[in-house]
Amino acid sequence: MRLSQFHLATVKEVPADAEVASHRLMLRAGMLRKLAAGIYTWTPLGLRVLRKVETVVREEMNRAGAIEMLMPSIQPRELWEETQRWEKFGGQLLKLKDRREQEYCYGPTHEEVITDFARQELKSYKQLPINFYQIQTKFRDEIRPRFGVMRAREFMMKDAYSFHLTPESLAATYGVMYGAYGRIFDRLGLRFRAVQADTGAIGGNASHEFQVLAESGEDAIAWSDGSDYAANVELAEALAPRVERPEPAAELQRVDTPARKTMDEVSTFLSVSPDQCVKTILVRGEQGLVALCVRGDHEINEVKAAKLEELPGASVLADEAEILKATGTRPGFIGPVGLPDEIPVIVDRSAAALADFVCGGNAVDTHYTGANWNRDARITRIADLRKVVDGDPSPDGEGTLHIARGIEVGHVFQLGGRYAEAMNATVLDENGKARAMLMGCYGIGVSRIVAAAIEQNHDDRGIVWPEPMAPWTVAICVIGSRNGTQAQDAAQALYDELTGHGLEVLLDDRGLRPGPMFADMELIGIPHRIVVSERGLEAGTFEYRHRRDTENRALTRAELMERLLGA
RNA sequence: CGGGGUAUAGCUCAGCCUGGUAGAGCGUUGCGUUUGGGACGCAAAAGUCGGGGGUUCGAAUCCCUCUACCCCGACCA
């Protein structure tokens, strides 16, 4: 590509509210233009990168035996009623009406559409297993879109759906997809981890997330330094402490703690370490209020809490009025001692191992000290309720957990029978009996990968693309082109030769001064840069510099070819 | 959904508190100089100050309202 014939749209300034590196750099490099909140135009430059990612994904999906297709982005309400997700999916579902008042949504995912397709197309177990995929624009009406395409509302996604007669077949395809995902992120040159994950709104059994490691990531992942265990913190199990609960040694005592509501305030005021305190929160589930207790230095894990049998369905934090009515106190002073009998008290494993602890006094401005389970406070049940923290033992018994941040770029699920059953998608088995199919689903955030790659690969001059994602592999910069055609001719010849070898080359023939030209090439992150100048030509060399280098090196044409084309 | 903020030239922003007829940098156009790390000079084009309403002799500026965008929170007591 001759740059004079392209639309390169780099800019010097970027809005003050572009916070993360990838967002700023994508705007500066002119890959993106914002159209509305969470909705972006991909410029010609941005699209080249997006296509690179798509290509790798497509090749690996095909290699793994998945079959590409394309489903509509607009989906009828009726289909979503069949799985009850028209209501359950929540505010992220963008709903639309046509001129006849028929209702639709813009697809945030395609389980319903593919299952509908499958129930019409697949009739026999002999057609199974089969795995369909598409690469397509999706829309989720995020509460707070941010960080550019990292958390956009409209985004590009690859989604695949497999169909099976048996759990063994599903597990086999799941394994194949898991392997394909690893290859995709390896090929793209990303540092990532596959972690055990919660299945969330989509539902199902086994599930892994593929997380690109980055400080700016919105997800927290727990990994063990003694094994290959890794899990989303939502899922990571917090083991019970190895020590037995000590015998009570202190008297239960009510103490005044005026206006000390938070754990920090209480522990400072009473000079007691937070790990000798119990904090209690009240949540309202479908069956009434439930008290959840964790140690003062721990936090409740909402995903784990939602799985408690005492809290079926949706639950929310109790409001002040409810708390006052049930306990006679306000938030900040709730404790397990003397709670009404009808409120179940679910205690985290670590909190349950405490003796002589501090907890809320169930009266405004008071706490208890010297409280003990059983003697002073009921335990309905002990459960794993808290988020794991750095330094916890690994759930597999090997090593210690650490917390890292990641950007979720892929997610694989074994969905099981849920959707096929709800939508009556069956095939006949060997005995001629109709059986609901089992499903797997496998997503990759194609546009998010572009942002994630930049988070991992940039410096103060701009983007440093992993080669497979770069918009071009080689940039040729011409210096002194106004003074004559010698350098221009040499650059053109070099361009022709490299292009002839199948390289994607960008020839900067804009005739700019060197400063702006180099700055642009570095900003947009082209891996290899060659400078063609009169000076070099006289010496019989070209000037070469890799994007990661800080020094130029003078190479002969042969040396240059060897470097770029391999031996 | 709650709270806060912003909206002024193509872009990034100042001006608003204290009302008096519109500014800067970058970019763009023309001419000249310059040509190895975001050059310089001269000249120029470019804004219904987000929309609507009000107060006032006079509104970018004060008030009301609508819209869009951004930030924080919305389960840690």
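Sequence lines set the chain letters: A, B, ... in the order given, protein chains first and strands last, and positions in each chain run from 1.
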- Item | Separation of the P atoms in A22(B) and C69(B), to the nearest angstrom | 31 Å
- Message: Between U8(B) and U48(B), how far apart are the two C1' atoms, rounded to whole Å?
- Response: 12 Å
- Task: State whether a side-chain donor-acceptor pair under 3.5 Å links Ser216(A) with Glu455(A).
- Result: yes
- Distance between P atoms of A59(B) and U21(B) (Å, rounded): 12 Å
- Which nucleotide in G37(B), U12(B), A77(B) has an atom nearest any side-chain atom of Glu522(A): G37(B)
- Message: Students often get this wrong, so: under 4.0 angstrom with heavy atoms, is Lys279(A) touching a base, only sugar-phosphate, or nothing?
- Response: base
- Query: Side chains of Asn552(A) and Arg545(A): do they bring a donor and an acceptor to under 3.5 Å?
  - Reply: yes
- Query: According to the ring pair (Phe, Tyr, Trp, His ring centres under 6.0 Å) rule, which pairs have a member within residues 532-551 of chain A, sequence neighbours left out?
  - Reply: His528(A)-Tyr544(A), His528(A)-His546(A)
- Message: Say we look at G19(B) and G51(B): how far apart would their P atoms be, to the nearest angstrom?
- Response: 22 Å
- Query: Is Arg529(A) touching bases, backbone alone, or none of the nucleic acid, heavy atoms closer than 4.0 Å?
  - Reply: base
- Item | By side chain to side chain donor-acceptor pair (under 3.5 Å) - contacts of Ser394(A) (at least two apart) | Asp396(A)
- Rounded to whole angstrom, note down the C1' distance from G15(B) over to U6(B). 15 Å
- Message: Suppose you measure atom P in G52(B) against the same atom in A46(B); what distance do you get, rounded to whole Å?
- Response: 22 Å
- Query: So which nucleotide from C13(B), A77(B), C1(B) ends up closest to the side chain of Ile143(A)?
  - Reply: C1(B)
For a quick test of your reading: what N or O donor-acceptor pairs under 3.5 Å do the side chains of residues 231-240 of chain A make, sequence neighbours left out?
from	atom 1	to	atom 2	distance (Å)
Asn232(A)	OD1	Glu234(A)	N	3.0
Asn232(A)	ND2	Glu209(A)	OE1	2.9
Asn232(A)	ND2	Glu209(A)	OE2	3.3
Glu237(A)	OE2	Arg349(A)	NH1	3.0
Glu237(A)	OE2	Arg349(A)	NH2	3.3

- Sequence neighbours excluded, which residues qualify as side-chain contact (heavy atoms from CB on, under 4.5 Å) partners of Glu322(A)? Arg284(A), Leu289(A), Ala318(A), Asp319(A)
- Item | Sugar-phosphate only, base, or nothing, as touched by Arg330(A) at under 4.0 Å among non-hydrogen atoms | nothing
- Looking at G36(B), does its base get a donor-acceptor pair with the side chain of Glu534(A) below 3.5 Å? no
- Message: So for Arg545(A) and G36(B), does any side-chain atom that can act as donor or acceptor lie under 3.5 Å from a complementary atom in the base?
- Response: no
- Query: Roughly how far apart, to the nearest Å, are G27(B) and U12(B) at atom P?
  - Reply: 15 Å
- With rounding to whole Å, what would you report as the distance between C62(B) and A24(B) at their C1' atoms? 26 Å
- Task: Under the side-chain contact (heavy atoms from CB on, under 4.5 Å) rule, collect the residues that match up with Ser273(A), sequence neighbours excluded.
- Result: Asp275(A)
Close N/O contacts between protein and nucleotides 38-41 of chain B (under 3.5 Å):
from	atom 1	to	atom 2	distance (Å)
G38(B)	N2	Asp520(A)	OD1	3.4

